[in-house]
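On a predicted model such as this, the values are computed, not experimentally measured, just so you know.
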Protein chains: 2
Amino acid sequence: MDHVDEILRQWNRERPDLDVGPMGLIGRLGRIVHYLTREMDKTFAAFGLTGASFDVLATLRRAGAPYSLSPGDLLATMMITSGTLTNRIDQLEKAGLVARASNPEDGRSVIISLTETGLATIDAAVTAHVETQKRLVSVLPAEERDLLDVQLRAFLAGIAARS
Amino acid sequence: MDHVDEILRQWNRERPDLDVGPMGLIGRLGRIVHYLTREMDKTFAAFGLTGASFDVLATLRRAGAPYSLSPGDLLATMMITSGTLTNRIDQLEKAGLVARASNPEDGRSVIISLTETGLATIDAAVTAHVETQKRLVSVLPAEERDLLDVQLRAFLAGIAARS
DNA sequence: TGGAGATATCTTGACGTCAAGATTAATCCA
DNA sequence: TGGATTAATCTTGACGTCAAGATATCTCCA
C-alpha cells in the first residue's frame with residue numbers, strides 16, 4: 001500500500017466507473033523517475049552542471065575525439081527542441097565548457113566542441129554519475145533489475161514506435 | 001538495439017572503465033516517462049489544462065465533497081515545492097476553476113475548493129485521461145503489464161525509503 | 001543563372017519549477 | 001501574559017522547456 005495505491009483507492013471511491021489500473025503503472029513510473037532525477041541532479045551540481053548541461057557534454061564526449069558535433073547532430077539524439085538546445089549551448093559556452101565554430105562546409109551550420117575544461121569536467125562528472133546510478137538501482141537485486149530492464153525495453157519499443 | 005543501447009555502446013567504446021548497466025535501466029525509464037508525459041499532456045490540453053493544473057484539480061476531486069483542501073494538504077500528496085503550488089493555484093484561480101477562502105479556524109491557512117466549473121472540468125478531463133493511459137499501456141500484454149507493475153512497486157518502495 | 005523550396009540554427013514569449021527567504025498567525029511555556 | 005519558537009503560505013529570482021516563427025544559407029532545376 002504505497003502512495004500510488006492511496007490515490008487509486010480515492011479514485012475508486014469517488015469515480016468507481018474509471019479503470020485506474022494503467023494509472024497505477026504510469027504513476028509509479030513517474031514517481032520513480034522523479035526521485036531518480038532529483039538524486040542524479042545532486043551529482044551534476046557537484047560539478048557545476050545541471051541535467052541539461054550534462055546531457056550536452058556527455059553527448060559530445062560519447063561521440064569520441066575530436067568531441068565535435070553540430071546542433072543538428074545533437075538534436076538527433078536528445079529529446080529536446082532546437083530552441084532548448086540553443087539555450088543549453090549558450091550556457092555552456094558562457095561557462096567555457098564548449099566552443100562554437102563555424103562550419104567551413106556549410107554556412108548555415110556551426111560546430112560545437114568540448115573545450116579542454118569541458119572534456120575534463122564531463123569525464124569526472126560521468127564517473128561520479130555512473131556511481132550514483134549504481135547506488136540508485138542497487139535497491140533491486142541484480143536478477144530483478146535485469147528482468148525489469150527487459151520489460152522496460154519492450155515497453156519503450158512499443159511506445160516509441162507510435163510517436 | 002534501441003536508442004539507449006546505442007548510447008551505452010558509445011560509452012563502452014570511449015570509457016570502457018565505466019559500468020553502464022544501471023544507465024540503461026534508468027535511461028529507459030526516463031525515455032518512457034518522457035513519451036508518456038507528452039501524450040498525456042495532449043489530453044490535458046484538450047480541456048485547457050496542463051499536467052500541473054490537472055494534478056491540483058484531480059487531488060481536490062479525489063478528496064471527495066466538498067472538494068476542499070488547504071495548500072498544506074495538497075503539498076503532502078504532490079511532489080512539488082510550496083512556491084510551485086502557489087503558482088499553480090494562482091493560475092487555476094484566475095481561470096475560475098478553484099477558489100481560495102480563508103480558514104476560520106487558522107488565520108495562517110487558506111482553503112482551496114473546486115468551483116462548479118472546476119468540478120465539471122476535472123470530471124470530464126479525468127475520464128479522457130484514463131482512456132489515454134489505457135491506450136498508452138496497451139502496447140504491453142496484460143500479463144507483462146501486471147508483472148511490470150509489481151516490479152516498479154518494489155523499486156519505488158526501495159527508492160522512496162531512502163529519500 | 002536565378003528563384004523557389006528545403007535546411008540549420010536562433011529568437012521570442014509564455015510557462016512550470018525550484019531554492020531560499022519573507023510574511024503572517026498560532027502555540028508554547030517561563 | 002508576552003516573547004520565542006513553530007507552522008502555513010507566499011514572494012522573488014534564476015533556470016529549463018516548448019511552440020511558433022524568423023533568419024541565413026544551400027540546393028535544385030527550369
Can you check whether [X] has a side-chain N or O nearer than 4.0 Å to OP1 or OP2 of [N]?
| X | N | value |
| --- | --- | --- |
| B/R38 | D/dC18 | yes |
| B/S109 | D/dT9 | yes |
| A/S82 | C/dA8 | no |

Looking at CZ of A/R31 and CG of B/L156, how far apart are the two atoms once the value is rounded to the nearest 0.5 Å? 7.5 Å
Side-chain H-bond candidate by donor/acceptor type, A/T50 with A/R88, under 3.5 Å: no
Length of the line joining [X]:[atom1] and [N]:[atom2], which is rounded to integer Å:
| X | N | atom1 | atom2 | answer |
| --- | --- | --- | --- | --- |
| B/L69 | D/dA8 | CG | P | 14 Å |
| A/N103 | D/dC26 | CG | P | 10 Å |
| A/R100 | C/dA8 | CZ | C1' | 13 Å |
| B/F54 | C/dG16 | CZ | P | 15 Å |
| A/I89 | C/dT9 | CD1 | P | 8 Å |
| B/Q91 | D/dT11 | CD | P | 13 Å |
| A/I112 | C/dA8 | CD1 | C1' | 12 Å |
| B/E105 | C/dA26 | CD | C1' | 13 Å |

B/D123 bridged to B/R61 by N-O distance under 4.0 Å: yes
With a 4.0 Å cut-off, would you call A/D19 and B/K134 a salt bridge? no
What verdict does the side chain to side chain contact (heavy atoms under 4.5 Å, CB included) test give for A/R28 and A/D2, after you've listed the backbone C-alpha separation in whole Å, the side-chain angles of each residue and the deciding distance to 0.1 Å? CA-CA 10 Å; A/R28 290 196 174 88; A/D2 61 15; 2.9 Å; yes
To the side chain of [X], which of [options] is closest?
| X | options | value |
| --- | --- | --- |
| B/T81 | C/dC18, D/dA19, C/dT17 | C/dC18 |
| B/T86 | C/dG16, C/dA25, D/dC10 | D/dC10 |
| B/I80 | D/dT9, C/dT9, C/dC18 | C/dC18 |
| A/N87 | C/dG16, D/dT17, C/dC10 | D/dT17 |
| A/A52 | D/dT17, C/dT17, D/dT25 | D/dT17 |

May I have the step-by-step check of side chain to side chain donor-acceptor pair (under 3.5 Å) for B/S70 and B/D73, ending in yes or no? CA-CA 5 Å; B/S70 70; B/D73 294 335; 3.2 Å; yes
5'-most contact on DNA chain C: A/L85 or A/H34, nearest heavy atom basis? A/L85
Heavy-atom donor-acceptor pair, A/T84 side-chain to D/dC18 base, under 3.5 Å: no
Per the atom types in the model, does the base of D/dT9 pair as donor or acceptor with the side chain of B/R108 at under 3.5 Å? no
For B/G83, answer base if it contacts any base atom (sugar-phosphate contacts may also be present), sugar-phosphate if it contacts only those atoms, and nothing otherwise; contact means non-hydrogen atoms under 4.0 Å. base
Starting at the 5' end of DNA chain D and moving along, which residue's nearest nucleotide shows up first, A/D106 or A/R88? A/R88
